[in-house]
Amino acid sequence: MHYLAEGLRLPTNGLDYTILAIYFVVVLGIGFAARASVKTSLDFFLSGRSLPAWVTGLAFVAANLGATEILGMAATGAQYGVAVVHWYWIGAIPAMVFLGLVMMPFYYRSKVRSVPEFLLQRFDKSAHLLSSVLFAFAAILIAGVNLYALSIVVEALLGWPQWVAIVVAGLFVLVYITIGGLSSAIYNEVLQFFVILAALIPLTLLGLKRVGGWDGLSGSLEKQHGTDFMSAWGGTGIGDANPLGANWLTIILGLGFVLSFGYWTTNFAEVQRALSAKNLSAAKRTPLIAAFPKIFIVFAVMIPGLVAAVVVPKIGTPGSDLTYNDAIPLLMQELLPNGVLGIAVTGLLAAFMAGMAANVSSFNTVFTTDIWQRYVKKDQPDAYYLRFGRLITAVGVLASIGTAFIAASFSNIMTYLQTLFSFFNVPMFVVFIIGMFWKRASMKSGVWGLVAGTTAAMVNYFVIYKQGIIDIPSDQGANFVSAIVGFVAGAVVMVAVTLFTAPKPEAELAGLVYGTESPDADEVPDEGDGAWYRKPALLGWGAIVLATLCYLPYSL
């Protein structure tokens with residue numbers, strides 16, 4: 001297990017603690033205020049489907065601004081260089097646009113409360129139960145990553161032992177989610193979005209100043225690691241060596257298509273925010289509104305990681321007691337004056353609580369509605385499921401405390417997360433995409449596609465890669481290959497099973513397969529006036545064009 005490096009205790013004072021205390025009071029206040037609106041299980045799990053698009057859009061991006069973004073992406077920048085932009089402009093924006101324009105109409109019109117529930121409507125109970133169990137398991141593992149990252153900051157701030165920091169941080173998140181349900185999580189995520197930016201922007205600017213601006217940063221890192229370290233595509237030819245250990249084909253197919261679309265379109269921690277929107281138009285615009293800040297956030301997490309690689313050239317190497325995950329706390333200690341340090345600590349805590357809250361709230365929804373209500377305790381009063389939802393939230397947080405110690409064994413938590421995504425999100429995505437675009441896909445093909453995709457990805461990672469059967473240069477490169485293998489295996493098995501099993505009756509596919517009309521399409525709530533900002537397609541294409549323009553300097 002990795003413990004925080006000696007000497008990384010943050011030099012906080014009374015001003016910093018005052019800022020932190022004010023933030024925590026506000027967070028709990030939002031939780032208690034949201035409690036008044038929680039009267040049914042739908043209120044608790046999906047905010048009564050009443051939230052406007054700008055709220056769900058900011059919550060959508062804030063829910064992702066957890067350990068993955070802050071510690072994980074800064075660690076990736078320190079380890080792999082400018083290639084970290086691939087996770088945003090290739091590995092996020094196109095999939096977010098696809099979710100908004102293509103998949104949200106299927107999710108929202110079908111009135112599902114979770115992503116696995118959609119698989120129940122499209123395939124059968126076996127696919128539904130397996131996907132529910134896999135998703136609940138993955139959600140707890142990912143919540144543990146955010147909790148571990150949160151504990152790193154608490155440990156640096158207060159000097160507490162890591163296990164104490166993990167337990168205390170987990171219990172705090174438990175309080176405000178249990179009280180106010182998804183509404184509490186979402187409104188806190190909107191607040192957290194702005195607090196996170198207030199933390200990252202000063203760190204980025206002061207970091208650049210410390211190393212002599214972008215030119216000084218580039219010169220130092222190219223001298224240490226070579227020119228490819230400061231180029232997104234440098235050395236990515238097939239057979240060429242580069243810091244990321246991946247070629248252009250695995251980047252585009254593994255990250256840009258399979259991992260990216262698998263995460264953004266089937267990860268209920270994200271989709272749940274869009275499903276809580278007040279109407280279909282707001283649901284479609286939710287990921288598109290989130291795509292615009294996503295384009296620029298990469299600079300605020302990549303640059304601190306690059307700066308850390310200059311300030312501590314040995315970071316993450318066997319001869320150093322600093323792992324790549326320490327990049328952000330290291331810069332906070334080195335660069336930030338008191339007051340600003342308090343804002344930065346608050347922003348980091350906000351980020352990790354947002355990420356953990358997103359996964360715990362999605363876990364309690366899936367476990368309650370897809371597993372408990374459907375297979376264990378059917379036809380109970382709504383008040384029963386509301387009480388059970390609060391109870392299973394506590395169970396989820398306690399389980400996350402356990403999985404946080406698994407995350408602590410990885411020097412780069414982003415690598416760990418990508419491994420989990422290749423195991424759990426990718427197989428679900430292949431089942432979704434084939435089921436949505438191929439009417440003939442049979443009911444039984446869904447469950448076997450999930451089994452084959454998950455098994456193939458795990459075999460590739462743990463056997464073929466870890467046992468050295470095929471030489472893949474890095475863990476990240478292995479994750480990209482595992483994602484491709486999982487997708488192909490799931491697709492092949494689905495096609496094969498479909499050829500020998502019965503399809504779902506065509507009358508039951510209305511609104512579940514592309515090109516079929518939902519039976520209650522006329523009942524979709526009013527989508528608002530014709531203003532340009534209410535047009536999802538315009539927002540979506542705008543996000544892609546803007547991301548492409550941002551990419552030009554890195555593609556040279």
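Start at 1 with the first residue, then count along the sequence.
Every residue two or more places apart in sequence or in another chain that forms a salt bridge (Lys or Arg N to Asp or Glu O under 4.0 Å) with Glu334 is listed here: Arg210.
Tyr461 and Phe423 have perpendicular rings, their planes meeting at more than 60° on a 0 to 90° scale where under 30° would count as parallel. Between Phe137 and Phe424, the ring planes lie perpendicular to each other; the angle is over 60°, past the 30° to 60° tilted range.
Minimum heavy-atom separation, Ala282 to Thr286: O-OG1, 2.8 Å. When all heavy atoms of Met302 and Val84 are compared, the pair lying nearest together is CG-CG1, 3.2 Å. Nearest approach of Ile90 to Gly256, heavy atoms of both residues: CG2-CA, 3.2 Å. Counting all heavy atoms, side chain and backbone alike, Leu208 lies closest to Trp214 at CD2-N, 4.1 Å.
At distances below 3.5 Å, at least one donor-acceptor pair connects side-chain atoms of Ser422 with backbone N or O atoms of Thr419. Looking only at distances, a side-chain donor or acceptor of Asp16 sits under 3.5 Å from a matching main-chain atom of Gly339. Thr250 contributes no side-chain N or O that, together with a main-chain N or O of Phe480, makes up a donor-acceptor pair within less than 3.5 Å. Of the possible donor and acceptor atoms, none in the side chain of His86 sits under 3.5 Å from a partner among the backbone N and O of Leu255. Checked by atom type and distance alone, the side chain of Ser218 never pairs as donor or acceptor with a backbone atom of Asp215 at under 3.5 Å.
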| request: Could you walk me through whether Leu259 and Asn425 pass side-chain contact (heavy atoms from CB on, under 4.5 Å), step by step? | output: CA-CA 7 Å; Leu259 276 171; Asn425 290 90; over 6 Å; no

| task | Please lay out, stage by stage, how Val211 and Ser220 fare under the test side-chain contact (heavy atoms from CB on, under 4.5 Å). | result | CA-CA 8 Å; Val211 296; Ser220 298; 5.8 Å; no

| query | Is there a side-chain contact (heavy atoms from CB on, under 4.5 Å) between Ile93 and Tyr88 once you walk through the steps? | reply | CA-CA 6 Å; Ile93 305 300; Tyr88 291 77; 5.7 Å; no

| field | Check against side-chain contact (heavy atoms from CB on, under 4.5 Å), Trp87 and Val298 | value | CA-CA 9 Å; Trp87 273 268; Val298 60; over 6 Å; no

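Residue Trp264 forms a ring-ring contact (aromatic ring centres under 6.0 Å, His included) with just one option from Phe60, Phe98, Phe257, and that option is Phe60.
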Which side-chain N or O atoms in residues 287-296 pair as donor and acceptor under 3.5 Å with protein atoms at least two apart or in another chain?
unit_1: Lys294; atom_1: NZ; unit_2: Asn64; atom_2: OD1; d: 2.5
unit_1: Lys294; atom_1: NZ; unit_2: Glu69; atom_2: OE2; d: 2.7

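Thr56 has its side chain out of reach of Arg285: every pair of non-hydrogen atoms, C-beta onward, lies at least 4.5 Å apart.
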